[in-house]
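Here the structure is laid out as structure tokens; the discussion comes afterwards.
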Protein chains: 2
Amino acid sequence: MPRHRITQADVAAMAGVSQATVSFVLNDSTPAGVRISEETRQRVLDAIRITGYSANPVAQRLAGGHNQILGVFTYEATFPRAGRDFYGPFLVGIEHAAEKLGIDILLFTSARVVDGRRRLTRDGWQRLGIADGCLLLGQHEDRGELQHLLDTNYPFVFIGKRGSDGGRLPYVGADYVTATARQVERLVTLGHERIGYVGPRGTDQPTLDRVDAYRATMKAHGLTVRFVELDDVAATAAEIVDQRLTAVVVAPENYPEELVDELERRDVRVPEDVSFLLLGQPHHGRPGGRRWSGFSIPREEMGARALVLLSRLVAADTGPTRSGRRATRGLTVPEDELHQLLECVDVDGETVAAPPARRRAAAPVRPAAPARPAPATAPGV
Amino acid sequence: MPRHRITQADVAAMAGVSQATVSFVLNDSTPAGVRISEETRQRVLDAIRITGYSANPVAQRLAGGHNQILGVFTYEATFPRAGRDFYGPFLVGIEHAAEKLGIDILLFTSARVVDGRRRLTRDGWQRLGIADGCLLLGQHEDRGELQHLLDTNYPFVFIGKRGSDGGRLPYVGADYVTATARQVERLVTLGHERIGYVGPRGTDQPTLDRVDAYRATMKAHGLTVRFVELDDVAATAAEIVDQRLTAVVVAPENYPEELVDELERRDVRVPEDVSFLLLGQPHHGRPGGRRWSGFSIPREEMGARALVLLSRLVAADTGPTRSGRRATRGLTVPEDELHQLLECVDVDGETVAAPPARRRAAAPVRPAAPARPAPATAPGV
DNA sequence: TCAACGCGATAATACGCATTATTACGCCGG
DNA sequence: CCGGCGTAATAATGCGTATTATCGCGTTGA
């Protein structure tokens with residue numbers, strides 16, 4: 001066990017060549033006018049094998065190379081609970097892919113938190129450079145930061161679809177549009193007509209996609225769209241009752257559990273009186289929570305795919321060479337890999353049923369339904 | 001926006017001083033015979049403020065300094081599911097602490113997997129150097145690796161108590177001994193006498209601690225110890241019945257769910273006929289799983305505490321200076337911080353009750369108990 | 001005979017920072 | 001007038017690698 005790490009110089013000495021030669025052999029590159037004879041190449045390789053040399057990633061990076069580290073930056077300040085629950089599955093996918101690719105993952109947890117979300121300040125930005133590239137998770141707004149990213153040509157991939165603001169930005173997202181449309185179709189097929197959309201009207205991409213799909217599908221069936229925007233849970237529940245909705249599709253970020261509680265407090269049963277379809281997994285799951293119907297986002301796969309994409313982008317990039325010319329290596333990443341939308345998978349829970357027989361809100365007095373209603377048992381189907 | 005990152009040289013130019021001076025001011029250190037006047041100090045600080053300079057962590061590290069990155073190495077190959085479930089809470093704590101301390105977390109996911117577990121090969125070892133120090137999660141065996149760690153004086157902290165093999169190794173663990181003893185006491189207080197220990201007889205520290213505590217507590221009450229070692233679930237269940245146990249303390253790593261299923265298949269009810277106390281959270285939780293009684297390990301806090309400890313160790317170390325003398329900086333970490341045992345917290349679930357009235361295994365015919373048994377309802381208490 | 005050229009490889013440099021060695025200057029005592 | 005000392009800082013070096021510029025030498029064509 002040598003007391004100091006084995007360097008290329010050590011290997012070089014053993015092989016009787018120069019450090020540069022070792023570097024060339026390692027990188028398997030002969031940059032314009034450098035030849036290495038097969039014989040010395042072998043000699044160097046032997047020396048590497050014997051010494052057990054392995055590159056120092058730090059030096060590698062400083063010298064402008066790649067170091068097999070990819071960063072993960074989450075905009076939302078995550079903890080203590082909600083965040084981890086949401087990002088966890090992404091990370092599982094990311095780590096899984098990283099393991100396969102022999103890549104280490106750097107979590108940028110040090111970034112300053114401003115107004116409850118992490119910022120890519122000049123400080124944070126500088127730190128990104130430690131890694132070959134970076135995965136960006138979560139919604140964010142700052143245009144300037146994005147521009148900076150693009151300017152410097154630093155490799156990165158968003159997890160979550162990017163809309164109008166940056167068609168150029170590489171991302172791996174979930175296909176909310178198709179998935180949402182499928183949910184509405186499902187309700188229509190069951191016979192629902194008064195189908196509402198419950199959720200905030202933000203400008204984030206998931207919301208836009210969900211609303212668009214809802215609107216389009218309803219229109220396709222000649223049904224009236226009915227939006228219920230959340231102020232507080234009680235008001236929302238009241239609105240659902242008032243509008244005599246028999247089904248709602250619900251954005252998952254707004255405490256659907258509480259909403260259903262509130263409805264049941266008003267003697268409205270789910271799903272007998274009102275069906276609930278969740279457009280994504282609930283963000284704030286309760287331990288004994290109900291089994292929602294709707295769809296789920298393939299978070300693990302998104303994470304994995306994003307990492308793979310990023311590693312390809314990195315490979316296609318020469319890295320921050322001092323000469324400044326970050327020419328692509330010929331390996332260009334095809335356009336259709338740059339923007340990936342993954343299918344969501346439908347979830348059959350226990351919150352969907354055919355609409356009640358009578359169109360008007362049913363009388364509060366009705367026989368108690370079994371805990372897990374078999375659709376056949378529901379009256380009038 | 002300058003196209004290249006701002007370096008100390010840039011700052012130096014602006015302040016009209018040398019790069020070295022900037023470095024000194026930044027590190028707030030005047031190494032033996034170097035004086036910086038208050039006036040130039042301010043000038044440099046101003047320049048730093050104006051330029052928005054922030055150190056390049058890679059260069060920092062290469063030059064032998066610290067870079068505010070701490071590594072996390074997990075021995076167990078984790079995915080797809082079980083691992084994340086187990087390590088997740090630790091990571092939550094780790095990240096939380098890291099955020100507070102302004103530290104980034106590097107997950108060493110690239111390490112080679114040999115025989116189902118990650119190894120700190122020469123390769124992996126070299127990579128550790130990227131970070132200032134490293135957290136080690138999970139059981140492992142290789143003595144050589146440990147020795148190497150100690151030899152090189154690389155700062156690290158284990159999560160999970162280290163026993164005989166390395167009293168010198170810094171760790172943050174859970175107090176299995178006290179917690180296990182408490183569980184046995186709990187059963188004794190309820191009137192149990194035939195209390196078994198179900199679990200493997202490994203040599204890992206958690207097992208040793210649990211077994212010791214079980215043995216000691218039983219002895220203190222003059223009760224006979226009864227070990228049930230798992231081969232397969234059916235055999236274990238049979239053994240529990242044969243030995244007419246009224247309660248068992250169970251190591252959580254061995255599918256207690258399945259065991260209870262098997263018992264109920266034999267008309268043995270939990271907890272009416274047999275109480276189950278879990279010595280830690282179940283490793284393989286089922287979604288709709290039962291609410292176990294027992295104790296839970298404060299994983300988040302362990303993660304957080306370990307990270308804080310590690311950062312202190314790093315601070316107390318001058319880092320890998322080329323001069324080779326890694327003298328402590330005067331800041332020594334006190335012994336009692338080097339080895340921390342955290343209290344486990346008792347969990348009141350639904351798997352414990354007083355022993356059945358009759359000593360012999362009760363007749364299979366007995367009234368069905370309510371789903372969540374109130375101890376008062378249990379017959380014969 | 002000599003420039004040109006291909007081959008094989010090395011020397012030199014830069015990356016950005018920490019650290020060690022060295023310098024410049026003014027002042028004091030002898 | 002000079003050596004010595006304290007102050008304030010700078011020059012120089014090294015970390016380990018990637019890359020660029022350069023070199024020595026034998027062969028070849030003119």
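Labels below follow one simple rule: chain letters A, B, ... track the order of the sequence lines, proteins then strands, and each chain is numbered from 1.
The distance between atom OH of Y53(A) and atom P of dG16(D), rounded to the nearest whole Å, is 10 Å. Atom P of nucleotide dT19(D) and atom CG of L62(A) are separated by 13 Å, given to the nearest angstrom. Distance CG (N56(A)) to P (dC15(C)): 18 Å, rounded to an integer number of Å. Between R61(B) atom CZ and dC15(D) atom P there is a gap of 15 Å when expressed in whole angstrom units. Spacing between atom CD1 of I130(A) and atom C1' of dC15(C) amounts to 15 Å, rounded to whole angstrom units.
Using modelled atom types, one side-chain atom of Y154(A) and one backbone atom of L128(A) make a donor-acceptor pair closer than 3.5 Å. At distances below 3.5 Å, not a single donor-acceptor pair connects side-chain atoms of D104(B) with backbone N or O atoms of I69(B).
Salt bridge R43(B)/D46(B): absent, no basic N to carboxylate O contact under 4.0 Å.
Listed nucleotides: dT17(D), dG16(C), dA18(D). Nearest to the side chain of N27(A): dA18(D).
Five base pairs at each end of the helix from dT1(C)-dA30(D) to dG30(C)-dC1(D) define two local axes, and these are offset by 90° (rounded to 10°).
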Considering only nitrogen or oxygen atoms on both sides, find all protein atoms under 3.5 Å from nucleotides 9-11 of chain D and state each distance.
from, atom 1, to, atom 2, distance (Å)
dA9(D), OP1, S37(B), OG, 3.4
dA9(D), OP1, T40(B), OG1, 3.4
dA9(D), OP2, S37(B), N, 2.5
dA9(D), OP2, S37(B), OG, 3.0
dA9(D), OP2, T40(B), OG1, 3.1
dA9(D), N6, G33(B), O, 3.4
dT10(D), OP2, S18(B), N, 3.1
dT10(D), OP2, S18(B), OG, 3.1
dT10(D), OP2, T21(B), OG1, 2.4

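Distances shown here put every side-chain N or O of Q60(B) at or beyond 4.0 Å from the OP1 or OP2 atom of dG16(C).
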